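Along the sequence shown, residues carry numbers from 1. Since this is a predicted model, take the numbers as computed values, not measurements.
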Amino acid sequence: MAVANTTKTSWRLQEIVAHSSNVACLALGKNSGRLLATGGEDCRVNIWAVSKPNCIMSLTGHNNPVECVKFNNSEEQVVAGSQSGSLRVWDLEAAKILRTLMGHKANICSLDFHPFGEYLASGSMDTNIKLWDVRRKGCVFRYKGHTQAVKCLAFSPDGKWLASASDDSTIKLWDLTAGKMITEFTAHTGAINIIQFHPNEYLLASGSSDRTIKLWDLEKFKMIGSSGGEMGPVRCLAFNLDGCCLYSGAVDSLRVYGWEPDRCFDVVPVGWGKVADLAICNHQLIGVSYNLANVSSYVVDLTRVKKSGSVIQGVIQDDQPLTEPSPKGSTLRRNYERPLTTCSTQRVKQSSESERRSPEGEMRSPSSEDEKESSAEIRNPEDYKEIFQPKSLAPPKNEPFPAPLEDGESLLSSLGMSRCVSSLQPGLLKNLPVGSSTPILRVEPTVVATAPCPIPVVTTRAPTNHPPAPHPAPPPVVAMAKAKPQPSVILSSRNEPIGLKVGDFLPPARNNRPSVLGDDEALAQIRKGHDTMCVMLTSRHKNLDTIRAVWGSGDVKTSLDSAVSMKDLSIVVDILNIVNLKPSLWKLDLCTSILPQIEELLQSKYESYMQTGCTSLKLILKRFWPLISDTLTAPPSVGVDITREERHQKCKACYKLLKNLSDLVKNKADQVGRHGSAFKELQLLMAPLDY
């Protein structure tokens, strides 16, 4: 029986170890779809060519973890924002730092380059948006209005508007010429993670943690569509290049949406987990995701994805025919008018000279101190010259990534990776059985004492569904490496289980020859602690059943009190994770019961507990701090008001508990990494407690 040579619709391109510590952010070059920038907790920005295993360039200079990165439109510059609020702009072609921009008081959360000129916008956890002139003028304007961290920024295709999205669930549209807000969109009920302008029409798409995607008409300033089929928070959006449809990077899948009317054309399974960025090139969509220090890249063949026609899901009235998406240029909606010249002729509202010279708008050209601290270390000169200093003046033509075959044939030849294969250890590939699946390419760091950054080395991991061919046993290990210390915080996502040692499953070697572990011994090792775990899970299930019975009566306060009385933080976390999804369930009564539990969660060694505690505390501060503050500062009422007295007592108790928590949050805000970032955000929200 012949096997059909059909190719896959989506596949994983590669996985690399991008940094010596956890990856904190990444960004794809939107123009070519072939460049990737990663920022890490090691304070570095690394530049990669997508599908190639070696780092092209490593950029240093930040003294705090890098929280946000962005390429400019020509992919000749990259900007990185750190946890301290500083920005650094590098010229990739010249391999040097261009500018150091200072002014934000907290983490940089969002960045975007102006489409035509040397302007750069930055959004921060300090709720401010700053517009910078990278050439000479520093901060030229500051936009105020958001009440929480600014998570995404996007310039309109014509360069006249700037859209901002925030954790306060609002989108604001700013006129760059007038320097003021045009309108505000408030239909989302959760933090907004991504906004994207339509490439041609006056449309804006937004994705939120409320699991919805909304589309906004920028002529009438109203919502024209909302899709709610996402399984989790919406993190990535991208319009097709001709604007016919919208792609959403969901958890382990790509969704294709249309509008007017709302519909979902296709859902493509992709194993990318929580995808962090998308780019489109050569009828292919490239998606990248990260976990700990690893970065994975994936490809979706858009020629095999439905962009119109039959609907997978959507609300369509039976008496309405399903309209096809309007072809480019045929829509009645207004299109952008792009200027024929560069941004040097475009007017932008600027602050006064005195404000530009203030510390909040400080810009520093790269001084000798900066040049000493900041550097661009070229790791791969060959790829660097090919990409950033090509001999030909014509732009390089990027070929599509070849798709692997569905029948599992080897991908090495079709990907043209002879250079990578030839650099592998001799004899490593010959042990793979004939007809096996493609080995997964990984880049593992080799630690060198004199190098500040790990040097990537390519290895392969053979698939486990076929037994490898026999090969000589490796020589005995003379000295064992020291065991890694147990982490102070147990991460919610990790590559290995906590408390399980692989060595327990390997019998001690005798006479330098490995002994064989019998089936009974292996089962005994696996069953260690199994009975204890069963007892714990049974008890937890019983407690949750009790809570569920109370919850069915609609009394959230009693349900939470019951969970607290069980003295089991895991039950409290389970309930809070549900309540946090619907902020309207929160009442002032809940705060007095749950704030002591939040204090325990913030001090927990489990990252997932800390995250739940931080989310709950943010919701309490956002919803109830104005009420608490107004109640405690209001003058005493005339006569007896029982309701007011009860509210005053509850507010007083909440204030005392929040005050105790503020000291804990301040101490933890000094931590480095994502935990410190979350606590710094809480510290900003709790600042009014000190007044």
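- In this structure, Leu285 and Leu278 have side chains that are in contact, with non-hydrogen atoms separated by less than 4.5 Å.
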Under the ring-ring contact (aromatic ring centres under 6.0 Å, His included) criterion, do Trp259 and Phe239 qualify, and how do the steps go?
CA-CA 12 Å; Trp259 56 93; Phe239 280 101; 5.7 Å; yes
Could you please spell out the steps behind the side-chain contact (heavy atoms from CB on, under 4.5 Å) verdict for Leu36 and Val288?
CA-CA 9 Å; Leu36 172 68; Val288 284; 4.3 Å; yes
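- Taking the side chain as every heavy atom from C-beta outward, Leu13 and Phe401 approach each other to under 4.5 Å.
- Residues Ile108 and Met125 fail the side-chain proximity criterion, which asks for heavy atoms closer than 4.5 Å.
- Looking at Thr212 and Lys214, their side chains come closer than 4.5 Å, going by heavy atoms from C-beta outward.
- Counting heavy atoms from C-beta outward, Asn240 and His198 have side chains that stay 4.5 Å or more apart.
- Residues satisfying the ring-ring contact (aromatic ring centres under 6.0 Å, His included) criterion with Phe113, sequence neighbours excluded, are absent altogether.
- The shortest side-chain heavy-atom distance between Cys152 and Asn193 does not fall under the 4.5 Å cut-off.
- Atom OG of Ser84 sits about 7.5 Å away from atom NE2 of His62, to the nearest 0.5 Å.
- Taking the six-membered ring for Trp, Trp90 and Phe71 have ring centres at least 6.0 Å apart.
- For the pair Arg135 and Glu118, the salt-bridge criterion is not met [side-chain N within less than 4.0 Å of a carboxylate O].
- Looking at heavy atoms from C-beta onward, Asn46 lies in side-chain contact with His19 at the 4.5 angstrom threshold.
- In this structure, Leu120 and His114 have side chains that are not in contact, with every pair of non-hydrogen atoms separated by 4.5 Å or more.
- Going from atom CD1 of Ile213 over to atom OG of Ser248 covers 3.5 Å, rounded to the nearest 0.5 Å.
- Aromatic ring orientation, Tyr298 versus Trp272: perpendicular (interplanar angle above 60°, classes split at 30° and 60°).
- With rounding to the nearest 0.5 angstrom, the CG atom of Asp277 is 4.5 Å from the CG atom of Leu28.
- Classification of Lys618 and Glu681 as a salt-bridged pair holds, one side-chain N sitting under 4.0 Å from a carboxylate O.
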For Leu59 and Val78: C-alpha separation, side-chain torsions, deciding distance, then whether side-chain contact (heavy atoms from CB on, under 4.5 Å) applies.
CA-CA 10 Å; Leu59 309 174; Val78 68; 3.6 Å; yes
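- Salt bridge Lys52/Glu386: present, at least one basic N to carboxylate O contact under 4.0 Å.
- Nearest heavy atoms, Ser124 versus Asn107: OG-O, 2.8 Å.
- Here OG of Ser58 is found 9.0 Å from CD1 of Ile47. Values are rounded to the nearest 0.5 Å.
- Between atom NZ of residue Lys172 and atom CD1 of residue Ile182 there is a gap of 13.0 Å, rounded to the nearest 0.5 Å.
- Remark: Asp167 engages Lys151 in a salt bridge, criterion side-chain N to carboxylate O under 4.0 Å.
- Note that CG of Leu162 is 13.0 Å distant from OH of Tyr119, once rounded to the nearest 0.5 Å.
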